[in-house]
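See structure below.
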Amino acid sequence: MASTLQFTAISGAHGEDAVCYLLEIDEAKILLDCGSFADYAGDGLARLQRIARQVDAVLLSHPDMAHMGAYPLAHSAYGLTCPAYATLATHMMGGLCLHDTVKTLAAREEFSLFGAKDVDAAFENVVPLQYSQPKALPGRHAHITITAHAAGHTIGGTIWTIENGAETVLYALDYNHTKEEHLRRCSLMDGSEGMLNRRLIKPTLLITDALNASLTLPTRKKRLDCFLDSIGAVVKRGGNVLIPVDSAARVLEIAYVLNEWWPRERSRRDTHALCLLGTSARKLRNFAQSLVGWMAASVEGQMSDRDTRPFDLRHVAIVQSLDELDRKMRGDTRSRGRPRRAVVLAPLDSMDMGFSQELFLRWVSDKKNAIILPQRGPPGSLARSLYSRWRDRTQQGLAPGAPMKLDRPVRLSRARVAVTIKRRVPLAGAELDAWVAEERRRKEQEAARDALLKRKRDMLDDDDLGSASESEDEAPDHRIGDAAAAAFSEIDLETERLLSGQTFDLHVRGRDPVRGLVLTSAGFCMFPFQEKNRRIDDYGEIYDLDEYAIKVENDDAGMMLDIDAPEESEDEAPEHPTKPVVEERQVSVNCQLAYIDIEGRVSGNSLRNILVNLIPKRLVIVHGSSASTKALADYCRDPSIQVTKDIYTPSVGEILNVSSGINAYQVQVSDALFKQVKMASMLGSSVGFVCGRVCYPQDAQVPTLDVDSASLSNAWHPPVTVGDPRLSALRSALEKHGIVTRFATDAGNTDSAATLICNNAVMVKRATSRRTGTDCIRILGNPTPDLYRIRALVNQYLIAL
């Protein structure tokens with residue numbers, strides 16, 4: 001029977017919040033993305049927590065916070081332990097993005113939702129996939145198959161197809177139909193100009209976004225030229241340039257573009273430094289170099305060049321702290337010791353935290369500096385506030401549907417923005433003294449607790465040795481073990497009194513003897529000491545090798561070092577006592593500001609054309625403002641637009657029933673019936689028409705379709721056309737084989753359909769059969785070679801069974 005499809009928007013509907021959706025196919029529950037921005041606020045997390053334990057699989061589309069920001073939190077705290085699926089590139093870059101976010105949050109506030117270990121544990125649960133690799137869900141949902149396809153926009157970005165029998169769900173959010181410098185275009189395009197991939201058209205359900213539905217963009221070349229010219233103008237007048245970027249997604253495209261453009265002029269290399277700033281910037285470059293196979297052919301082709309290394313970013317300086325950036329700007333041999341300016345790619349793109357906010361506060365007051373936004377930033381962020389002010393200043397009087405104006409950075413007159421600054425400051429005075437005393441007391445308690453726990457473990461080991469030596473002569477008495485457990489549980493209750501210094505004895509109660517102790521019902525106090533028996537094996541006494549570790553003396557440091565001790569990680573910094581503080585500040589924006597779209601998403605016009613050519617049976621529109629969502633839905637509902645009218649625009653929390661209502665059954669064709677089927681070849685597949693009687697054998701779980709003797713007496717049936725009967729599709733197929741075609745209409749007959757004129761000699765008409773009442777294709781013309789060739793091509797594209 002037909003599958004039951006239900007769709008629920010957890011977050012990311014009628015707004016630009018992070019995306020998270022629940023798709024239910026019969027009893028299987030699939031979570032489509034698990035996003036949250038770095039503030040981890042909103043009602044979406046509460047809705048995610050309610051359904052997390054019921055989810056059977058998670059599909060992650062892009063390595064950014066909007067698509068996977070909440071995944072470590074849901075895995076560690078909400079019970080989202082089911083398998084997750086992502087491409088290998090998304091798996092690697094997504095983990096890097098979340099590690100960078102955790103470091104940024106921990107450096108500014110008391111962030112305790114999850115940590116770096118939780119990120120590692122969550123991404124160990126992710127199953128990495130390759131593009132076009134079908135993967136069946138595990139367990140009882142093995143009949144559902146998922147496949148990842150290239151989405152563009154980010155490295156490893158994914159368009160998902162979810163197949164269950166005759167049902168196909170296409171989940172396509174944040175894709176790019178154009179090729180970029182380091183990324184291929186999405187798999188929706190099959191390589192031909194304006195043609196879509198045949199494997200992805202006609203989905204049962206299409207889930208897509210309306211983020212750019214109302215936005216018309218200039219060509220990518222014009223936007224890139226404006227972006228580079230704007231940076232060059234600021235560099236020539238001696239200013240700094242801040243470019244807020246994300247941690248591991250779109251930053252690669254911008255860094256690659258700037259790396260190719262930077263060496264074209266020697267003057268800017270002497271006066272400015274091009275820097276990629278981030279706590280994980282070096283890892284980002286190393287990961288990108290290992291993922292060249294996921295990039296565009298131009299980058300992949302550099303592997304054959306011995307002089308260059310793919311994605312080496314040789315002209316981009318990698319810096320991981322502001323101190324390192326300051327040293328870079330103080331001057332070097334290239335600038336002959338003179339101070340230098342900088343063009344800096346700094347995370348995060350929201351500018352609410354991280355290096356981008358700190359550099360914004362440093363450079364915003366200088367008129368020579370500029371802030372160039374390649375992305376709009378999350379809703380409610382500082383970057384979105386700056387974008388709104390720039391749009392109000394530069395896009396006034398823009399006609400509906402007109403492309404966005406491109407201009408050099410502008411200065412906002414008398415503009416002031418509110419900035420919330422969260423940071424950690426070192427403790428001083430009484431607060432520092434209190435922290436030192438508390439830390440000393442904590443370490444003393446931990447040392448005393450460790451010593452007591454070690455002593456109790458030794459007592460248990462000795463009791464096990466004694467029981468093992470006596471087991472040869474008599475059976476073990478389980479009551480002794482129970483008594484020991486009860487005794488040690490009472491020891492645990494007295495531990496706090498012992499560690500607090502209230503007493504130096506352990507008060508023990510009991511009736512059964514424990515090795516070395518005689519417990520009575522009255523109870524008594526004893527000093528916590530237990531003589532340890534020596535443990536031996538067949539070769540003698542067992543020694544603790546840690547007590548005999550070889551240590552060398554470091555004269556320079558004046559301390560003992562263990563040669564086996566692991567080296568400290570570069571990312572680990574010494575712990576200093578700090579406290580979080582919050583400051584609200586009004587900042588005057590004196591620097592120049594510009595927004596140039598390099599988000600790598602499909603524009604509004606292209607989005608509408610793709611929707612029409614995908615021919616979905618049902619359409620769900622999410623992730624966009626209410627105005628954009630309504631505009632795209634109204635366009636699809638236009639009677640003149642040939643696209644499905646079964647359109648849904650769900651609100652957050654709304655449950656939609658998007659089942660097709662088509663009855664699809666699984667049967668097994670008998671050998672006798674299969675021999676009578678006339679098969680025809682079409683586009684690499686074999687199709688045929690069958691007519692029989694359904695039987696239910698007792699020993700089979702699947703019904704059988706067998707020969708029906710009654711149907712043999714009347715074997716004729718109305719012809720069934722297989723293929724796309726649209727004349728526009730036929731025209732594209734014929735033109736691929738060199739047939740010159742044009743459309744014409746029969747002016748003398750108003751009831752006739754459109755006619756396709758081929759080589760000015762053959763007519764291909766779509767009409768209605770008088771006998772069966774169904775649509776048919778008629779080929780009219782004189783018996784010439786063109787007629788037979790065109791008829792053969794049409795028969796390859798359309799088959800009548």
Locate the shortest heavy-atom distance separating [X] from [Y]; write the atom from each residue and the value.
{"X": "Phe227", "Y": "Ile596", "result": "CA-CD1, 3.4 Å"}
{"X": "Asp209", "Y": "His623", "result": "CB-O, 3.6 Å"}
{"X": "Val344", "Y": "Ala342", "result": "CG2-CB, 3.7 Å"}
{"X": "Leu60", "Y": "Thr158", "result": "O-OG1, 4.4 Å"}

Does CZ in Arg237 sit with more than 12 non-hydrogen atoms of other residues, nucleotides or ligands closer than 6.0 Å?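 More than 12 heavy atoms, drawn from other residues, nucleotides or ligands, come within 6.0 Å of this atom.
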Which label fits His182 and Tyr256: parallel for a plane angle under 30°, tilted from 30 to 60°, or perpendicular past 60°? tilted
Take Glu180 and Arg601, measure what salt bridge (Lys or Arg N to Asp or Glu O under 4.0 Å) needs, and give me the verdict at the end. CA-CA 11 Å; Glu180 295 189 281; Arg601 291 187 175 95; over 6 Å; no
Is the shortest side-chain heavy-atom distance between [X] and [Y] below 4.5 Å?
{"X": "Val58", "Y": "Ile30", "value": "no"}
{"X": "Val235", "Y": "His272", "value": "yes"}
{"X": "Leu345", "Y": "Ile254", "value": "yes"}
{"X": "Val343", "Y": "Ile231", "value": "yes"}
{"X": "Tyr21", "Y": "Leu173", "value": "yes"}
{"X": "Leu325", "Y": "Leu359", "value": "yes"}
{"X": "Ile146", "Y": "Leu59", "value": "yes"}

Is a donor from one side chain sitting under 3.5 angstrom from an acceptor on the other, for [X] and [Y]?
{"X": "Arg384", "Y": "Gln375", "answer": "no"}
{"X": "Thr279", "Y": "Asp100", "answer": "yes"}
{"X": "His62", "Y": "Asp33", "answer": "no"}
{"X": "Ser61", "Y": "His67", "answer": "no"}

Quick one: do [X] and [Y] make a salt bridge, cutoff under 4.0 Å?
{"X": "Arg376", "Y": "Glu16", "result": "no"}
{"X": "Arg268", "Y": "Glu265", "result": "yes"}
{"X": "Arg423", "Y": "Glu583", "result": "yes"}
{"X": "Glu163", "Y": "Lys135", "result": "no"}
{"X": "Asp323", "Y": "Arg327", "result": "no"}
{"X": "Glu260", "Y": "Arg314", "result": "no"}
{"X": "Arg184", "Y": "Glu300", "result": "yes"}
{"X": "Glu181", "Y": "Arg220", "result": "yes"}
{"X": "Glu110", "Y": "Arg424", "result": "yes"}

Evaluate Leu129 against Thr147 for side chain to side chain contact (heavy atoms under 4.5 Å, CB included), listing each step before the verdict. CA-CA 9 Å; Leu129 301 175; Thr147 308; over 6 Å; no
Check step by step if ring-ring contact (aromatic ring centres under 6.0 Å, His included) holds for Phe37 and Tyr40. CA-CA 6 Å; Phe37 293 123; Tyr40 289 95; 9.8 Å; no
Atom pair [atom1] ([X]) and [atom2] ([Y]), whose distance is rounded to the nearest 0.5 Å:
{"X": "Ile318", "Y": "Ser280", "atom1": "CD1", "atom2": "OG", "value": "11.5 Å"}
{"X": "Ile155", "Y": "Met93", "atom1": "CD1", "atom2": "CE", "value": "5.0 Å"}
{"X": "Thr101", "Y": "Phe114", "atom1": "OG1", "atom2": "CZ", "value": "7.5 Å"}

Under the criterion side chain to side chain donor-acceptor pair (under 3.5 Å), I'd like the reasoning laid out for Asp17 against Ser11: C-alpha separation, chi angles, the key distance, then a yes or no. CA-CA 7 Å; Asp17 297 330; Ser11 66; over 6 Å; no
